[in-house]
Amino acid sequence: PEKLKGIPFFEQPYIGHGRKETRRYWICTDLKELDGADKWAGLKTIGKVERTREITTGKSKGKISKETCYYICSIEPDVKFFAECVRSHWGVENLVHWTLDVTFREDSCQVRQKTAATNLSLLRKIAMNLFRKHPSKGGMKTKKMKAGWDVNFLEQIVCQTHA
């Protein structure tokens, strides 16, 4: 892996689901070269993540992809903690996107006018959070169907009142 002189480094290999993946993490406190660093309240570090993925099964076996992402951070320069933060952030992101697609079929939406698409996306996220917050039993799909069938339940969801 690329060694960045004096910058803490951590490597995390992963094998499973038909792929071999290596994640490499760096975290740096030297912010003097970053234009506008003084404008970011609480900025302490810059992080870099390099993901290399090799497909190990199927038709795409042997295919390798590489992705590099940079992060501006308010965390202390602990590269292992940085790795945990990045992984947990993407776990949340993936769960939200999966829920929006599976429950609300967001990827199937054919609205292309930017303002309308943005507004619909915002409404889906509000609905998702209201359903998630409601204490009734059942998953998000169940709550969504029940709200469509029962106006009283819909009112409970929207107003967050619980009968």
Side-chain angles (χ1 to χ4, degrees), residues 10 12-25 27 31 34 36-53 55 57-60 65-163:
F10 177 65
Q12 204 172 36
Y14 170 80
I15 297 174
H17 301 285
R19 65 183 183 266
K20 181 169 57 173
E21 192 168 344
T22 303
R23 296 181 191 96
R24 296 180 182 101
Y25 301 87
I27 196 158
L31 306 175
L34 182 64
D38 57 323
K39 292 182 175 81
W40 293 92
L43 178 63
K44 294 181 182 176
T45 52
I46 300 171
K48 175 182 176 180
V49 180
E50 182 183 278
R51 295 178 191 87
T52 305
R53 176 186 293 182
I55 306 299
T57 61
K59 292 179 182 178
S60 298
S65 62
K66 190 174 180 179
E67 175 184 52
T68 303
C69 297
Y70 296 90
Y71 297 83
I72 56 172
C73 309
S74 60
I75 63 172
E76 298 299 323
D78 178 341
V79 72
K80 287 186 179 179
F81 180 66
F82 170 61
E84 290 173 24
C85 291
V86 170
R87 294 283 297 163
S88 65
H89 169 77
W90 283 108
V92 170
E93 283 291 312
N94 288 336
L95 179 62
V96 168
H97 290 296
W98 182 87
T99 301
L100 288 170
D101 189 33
V102 171
T103 305
F104 295 95
R105 299 182 47 82
E106 187 170 59
D107 288 350
S108 299
C109 181
Q110 295 186 4
V111 174
R112 298 292 178 247
Q113 199 280 330
K114 187 160 177 53
T115 304
T118 300
N119 289 341
L120 286 172
S121 177
L122 181 61
L123 288 171
R124 283 186 205 96
K125 288 173 184 157
I126 290 169
M128 179 182 69
N129 286 320
L130 288 172
F131 285 129
R132 185 171 283 143
K133 188 175 173 185
H134 195 271
S136 63
K137 295 206 184 267
M140 189 131 349
K141 268 188 167 179
T142 303
K143 290 179 185 181
K144 184 179 155 199
M145 284 193 317
K146 188 174 178 184
W149 294 330
D150 182 350
V151 174
N152 291 327
F153 184 71
L154 175 62
E155 186 176 306
Q156 286 178 27
I157 295 289
V158 171
C159 299
Q160 288 298 304
T161 59
H162 314 295

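Side chains are part of it too, since the values below use all heavy atoms of this structure and drop only hydrogens, waters and symmetry mates. Count residues from 1 along the sequence.
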Only distances under 3.5 Å count here; give the side-chain donor-acceptor pairs of residues 65-76 to other protein atoms, sequence neighbours excluded, each with its distance to 0.1 Å.
| from | atom 1 | to | atom 2 | distance (Å) |
| --- | --- | --- | --- | --- |
| E67 | OE1 | R51 | NH1 | 3.1 |
| Y71 | OH | W90 | NE1 | 2.9 |
| E76 | OE2 | K44 | NZ | 2.7 |

Item to complete: Assess whether side-chain contact (heavy atoms from CB on, under 4.5 Å) is satisfied between Y25 and V86, documenting all intermediate values.
Response: CA-CA 9 Å; Y25 301 87; V86 170; 4.2 Å; yes
Worksheet item: Between CD1 of I126 and CG of L122, what distance do you get to the nearest 0.5 Å?
Response: 4.0 Å
Worksheet entry | Audit row: E21, T52, side-chain contact (heavy atoms from CB on, under 4.5 Å) steps and yes/no | CA-CA 6 Å; E21 192 168 344; T52 305; over 6 Å; no
Discussion item. F10 vs R23, test: side-chain contact (heavy atoms from CB on, under 4.5 Å). Steps then yes/no.
Written reply: CA-CA 8 Å; F10 177 65; R23 296 181 191 96; over 6 Å; no
Worksheet item: Does a side-chain heavy-atom distance below 4.5 Å link D150 with L154?
Response: no
Practice prompt. Rounded to the nearest 0.5 Å, what's the gap from CG on L123 to CZ on F104? Could you check?
Written response: 10.5 Å
Response to the item:
Heavy atoms of H134 and Q156 approach each other most closely as NE2-OE1, 3.3 Å
Worksheet, complete the sentence: side-chain contact (heavy atoms from CB on, under 4.5 Å) filter on D78, not counting sequence neighbours, yields K80, F81
Discussion item. Is the positively charged end of K146 above the ring of F153, judged by distance under 6.0 angstrom from the centroid and angle within 45° of the axis?
Written reply: yes
Worksheet item: Side chain of T103, backbone of L100: donor and acceptor closer than 3.5 Å?
Response: no
Worksheet item: Stepwise, does the side-chain contact (heavy atoms from CB on, under 4.5 Å) test hold for V111 with N119?
Response: CA-CA 10 Å; V111 174; N119 289 341; over 6 Å; no
Discussion item. To the nearest 0.5 Å, what is the distance between OG1 on T22 and CD1 on I15?
Written reply: 8.0 Å
Worksheet item: Got a donor-acceptor contact below 3.5 angstrom from the K133 side chain to the M128 backbone?
Response: no
Fill in: R87: partners by salt bridge (Lys or Arg N to Asp or Glu O under 4.0 Å), with sequence neighbours left out
none
Worksheet item: Any cation-pi pair here, K144 with F131, using under 6.0 Å and within 45°?
Response: no
Worksheet item: Do the side chains of I46 and I27 get nearer than 4.5 Å, heavy atoms only?
Response: no
Worksheet entry | pair R24-V49: side-chain heavy atoms closer than 4.5 Å | no
Response to the item:
Closest non-hydrogen contact found for R132 with M140 is NH2-CE, 3.9 Å
Worksheet item: According to the salt bridge (Lys or Arg N to Asp or Glu O under 4.0 Å) rule, which pairs have a member within residues 105-130, sequence neighbours left out?
Response: E106-R124
Worksheet item: Among all residues two or more places apart in sequence or in another chain, which pass the salt bridge (Lys or Arg N to Asp or Glu O under 4.0 Å) test with K20?
Response: E54
Worksheet, complete the sentence: The side-chain contact (heavy atoms from CB on, under 4.5 Å) partners of M145 (sequence neighbours excluded) come to W149
Item to complete: List the atom of A37, the atom of L31, and the distance in Å for their closest heavy-atom pair.
Response: CB-O, 4.0 Å
